[in-house]
Amino acid sequence: MASETAAGRNFVHRIVEEHNASGRFGGEVVTRFPPEPNGYLHVGHVKAIALDFGTAEAYGGRCHLRFDDTNPSKENDEYVDAIQRDVRWLGFDWGKHLYFASDHFEQLYELARQLIRDGHAYVCELSPEEIGEYRGQPTRPGRPSPWRERPPEESLDLFARMRAGEFPDGSRTLRARIDVDSPNMNLRDPVLYRIQHVRHHRTGDAWPIYPMYDFTHPLSDSIEGVTHSLCSLEFENHRPLYDWVLDRLGVHHPQQIEFGRLNLEYTLMSKRKLGELVASGQVDGWDDPRLPTISGLRRRGFTPASVRAFVERVGMGRKDDATVEWALLEHCAREDLNRTSQRALAVLDPLRVVLTNYPEDQVEHFELANNPEDASAGTRSVPFGRELFIERDDFREDPPHKFFRLAPGREVRLRGAYLVTCQEVVRDADGSVVELRCSYDPETRGGDAPDGRKVKGTLHWVSAAHALDAEVRLYDKLFSHPRPEDAEVDWRQAIDPASLEARRGCKLEPSLAKAKPGDRFQFERLGYFCVDPGSAPGAPVFNRTVTLRDTWAKLAARGEKRS
RNA sequence: UGGGGCGUGGCCAAGUGGUAAGGCAACGGGCUUUGAACCCGUGGAUCGCAGGUUCGAAUCCUGCCGCCCCAGCCA
């Protein structure tokens with residue numbers, strides 16, 4: 001849709017359009033999403049994924065999924081699988097265009113030989129430390145390696161022997177011959193190949209040498225026919241090198257374009273750091289619902305549409321320190337979940353209510369709407385009886401101003417059922433409230449009073465005799481600091497203990513017994529919840545995705561500040 | 001203090017010489033058998049600062065300030 005394209009237009013699209021207008025790539029648009037399989041994807045990647053796939057789709061092109069697997073010591077198949085699962089879950093399809101940089105190793109090796117032959121690369125025998133010293137400082141020029149002027153034939157021979165596995169790790173490298181005192185550090189004769197006698201997750205022991213990112217990336221793009229190579233801002237300094245490699249070799253030359261990466265308040269957006277949290281056991285795996293990983297968001301109950309809408313609303317910019325507020329993510333979740341999730345009644349902190357004038361063994365069933373936003377969702381039958389549970393928060397002995405829930409002598413509506421009035425408060429020996437004895441008005445079946453009297457409060461409830469016991473996990477922000485990396489405390493120690501509150505003994509309406517892992521619901525008046533993958537028929541577990549907006553909580557907080 | 005970038009309301013972000021979109025947040029009000037959703041409305045930006053060019057500058061020029069990236073045989 002033209003209007004949609006216009007609305008979602010950003011500076012990257014504008015550049016693509018200029019290329020299309022000038023015929024630079026013959027109107028072709030080929031992009032790629034190039035993750036390294038060394039961890040799980042997070043929301044930051046969703047922004048890149050949506051840009052890569054979205055741009056290709058908007059201009060009738062295609063987007064490849066390519067694993068940038070050039071560092072075998074950090075990569076493995078678990079990550080390859082997880083990444084594919086996550087990208088698919090988001091709703092993107094790379095078709096037959098699945099690639100691995102390692103698929104190109106042989107070709108890359110030949111191209112490296114060409115570079116050597118043409119005098120653009122040489123085998124260097126400096127140690128890692130020495131290379132660092134020779135490279136100099138950003139403000140100080142570097143010095144040429146003593147091996148820089150080595151004849152191509154000699155380098156060619158050495159390079160072949162590197163491949164043959166004759167040399168130990170770290171003893172030699174293949175380096176680009178560019179400019180040892182360029183103000184751009186990346187151009188000071190960067191390493192192109194290093195020796196690593198490490199088994200690769202795909203090529204096994206075939207290679208004792210592996211190409212570096214700066215050599216592999218532009219050539220993989222080129223080999224695959226990519227036209228627009230979109231990456232984040234920190235690679236801007238690498239673009240001259242990207243261009244150099246392609247120009248020296250005289251191959252198809254895509255355009256690299258950089259954009260600002262996404263940061264989110266109260267969390268971390270770094271595969272490495274997230275990996276540390278996972279490894280240390282501080283969170284329950286890469287899919288812990290508190291993590292900003294795609295797997296975590298999924299387990300938390302976010303929908304693919306809501307996550308995509310989120311990155312879409314954030315927009316595309318070139319600001320590198322932009323940090324988006326949590327509220328926007330929550331908004332996007334509620335917006336989608338509100339129109340798609342089934343409603344249910346659930347009590348998280350149960351308080352027993354006995355309807356003293358309700359017949360002992362009577363059970364009634366009420367038809368409640370599954371989704372008021374969607375009539376086609378139908379209704380379900382919910383049992384009602386003499387003994388019920390309501391939310392402890394919904395009763396106050398000494399109700400504050402504007403509290404219009406239950407209190408001694410007050411009448412409220414039990415959603416879809418009856419109007420009830422609190423007659424008596426029962427306490428235990430410690431004086432805490434353990435039960436409410438209420439009367440119900442038989443004339444108000446369904447929740448409306450025939451005399452037209454209004455009740456301001458409507459409460460959710462669950463029949464005690466039919467209630468399903470469940471564990472409900474309430475999640476909050478992982479860190480209490482909006483920018484955990486800037487906190488006084490080391491981020492490793494800064495996880496907010498309140499970020500997970502597991503509540504047992506929650507009472508659910510019986511229809512929820514049929515819920516399967518991954519199913520999402522709105523627990524009325526509480527929020528959106530999703531069945532955890534670890535949930536079992538006898539022991540249901542629900543994760544809270546996000547609360548409903550809560551104006552009363554806001555009012556109550558204001559009141560507390562005053563007093 | 002070398003190079004490359006960025007600075008538009010609380011948070012994102014349009015706009016690229018013609019007199020500051022939009023979203024989120026905030027704050028009012030309406031409606032309501034979810035204090036939700038929905039609807040209506042309000043406030044807020046001297047466009048980092050200072051000069052200059054121009055009839056006219058967020059947009060062009062100069063200087064300054066602040067923030068981010070680069071010294072892996074990581075990506």
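Owing to the predicted nature of the structure, the values given are computational and were not obtained by experimental measurement. The sequence lines fix the lettering, A, B, ..., with proteins before strands; numbering per chain opens at 1.
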I want to check one thing: is the phosphate of [N], taken as OP1 and OP2, less than 4.0 Å away from some side-chain N or O of [X]?
X      : N     : result
A:R318 : B:C6  : yes
A:K456 : B:U32 : no
A:K319 : B:U8  : yes
A:R313 : B:A25 : no
A:R549 : B:C24 : no
A:T551 : B:A36 : yes
A:R135 : B:C73 : yes
A:H460 : B:U34 : no

### Query
So which one's nearest nucleotide on RNA chain B is more toward 5', A:R140 or A:K454?
A:R140
Roughly how many Å apart are [M] and [N], using the [atom1] atom of each and rounding to a whole number?
N     : M     : atom1 : value
B:C6  : B:U16 : C1'   : 16 Å
B:G41 : B:G48 : C1'   : 33 Å
B:C68 : B:A26 : C1'   : 29 Å

Look through every strand shown and name the nucleotide pairing with [N] as Watson-Crick or G-U wobble, where both distances are under 3.5 Å.
N     : result
B:C60 : B:G52
B:G7  : B:C65
B:G2  : B:C70
B:U32 : none

Taking the side chain of [X] as heavy atoms from C-beta outward, which of [options] is closest to it?
X      : options             : answer
A:P138 : B:C68, B:A36, B:G2  : B:G2
A:T70  : B:A75, B:G5, B:G3   : B:A75
A:R415 : B:U34, B:A26, B:A75 : B:U34
A:E36  : B:G35, B:A75, B:G72 : B:A75
A:E236 : B:G23, B:A36, B:G5  : B:G5
A:A322 : B:A36, B:C73, B:A13 : B:A13
A:R558 : B:G2, B:G72, B:C27  : B:C27
A:R194 : B:G2, B:A36, B:A75  : B:A75
A:F235 : B:G35, B:A75, B:A14 : B:A75

What integer distance in Å separates [X]:[atom1] from [N]:[atom2]?
X      : N     : atom1 : atom2 : answer
A:D550 : B:A37 : CG    : P     : 10 Å
A:E265 : B:C24 : CD    : C1'   : 11 Å
A:E130 : B:G72 : CD    : P     : 14 Å
A:Y266 : B:C12 : OH    : C1'   : 16 Å
A:L337 : B:U34 : CG    : P     : 19 Å

### Task
Decide salt bridge (Lys or Arg N to Asp or Glu O under 4.0 Å) for A:R143 and A:E133; before the verdict, give the C-alpha distance in whole Å, the side-chain angles of both, and the deciding distance to 0.1 Å.
CA-CA 9 Å; A:R143 283 182 294 144; A:E133 286 162 27; 5.2 Å; no
Gap separating the [atom1] atom of [X] from the [atom2] atom of [Y], nearest 0.5 angstrom:
X      : Y      : atom1 : atom2 : value
A:S220 : A:Y213 : OG    : OH    : 10.0 Å
A:H120 : A:L192 : NE2   : CG    : 12.0 Å
A:F259 : A:S232 : CZ    : OG    : 5.5 Å

### Query
Can a donor-acceptor pair under 3.5 Å be found between the side-chain atoms of A:N237 and the base atoms of B:C69?
yes
### Donor-acceptor pair (no angle test) under 3.5 Å: A:E325 side chain, B:G10 base
yes
### Message
I want to verify the glycosidic state of B:G18; is it syn or anti under the 90° rule?
### Response
anti
### Message
When you measure from the centre of the six-membered ring of A:F33, is the NZ or CZ of A:R66 closer than 6.0 Å and no more than 45° off the axis?
### Response
no
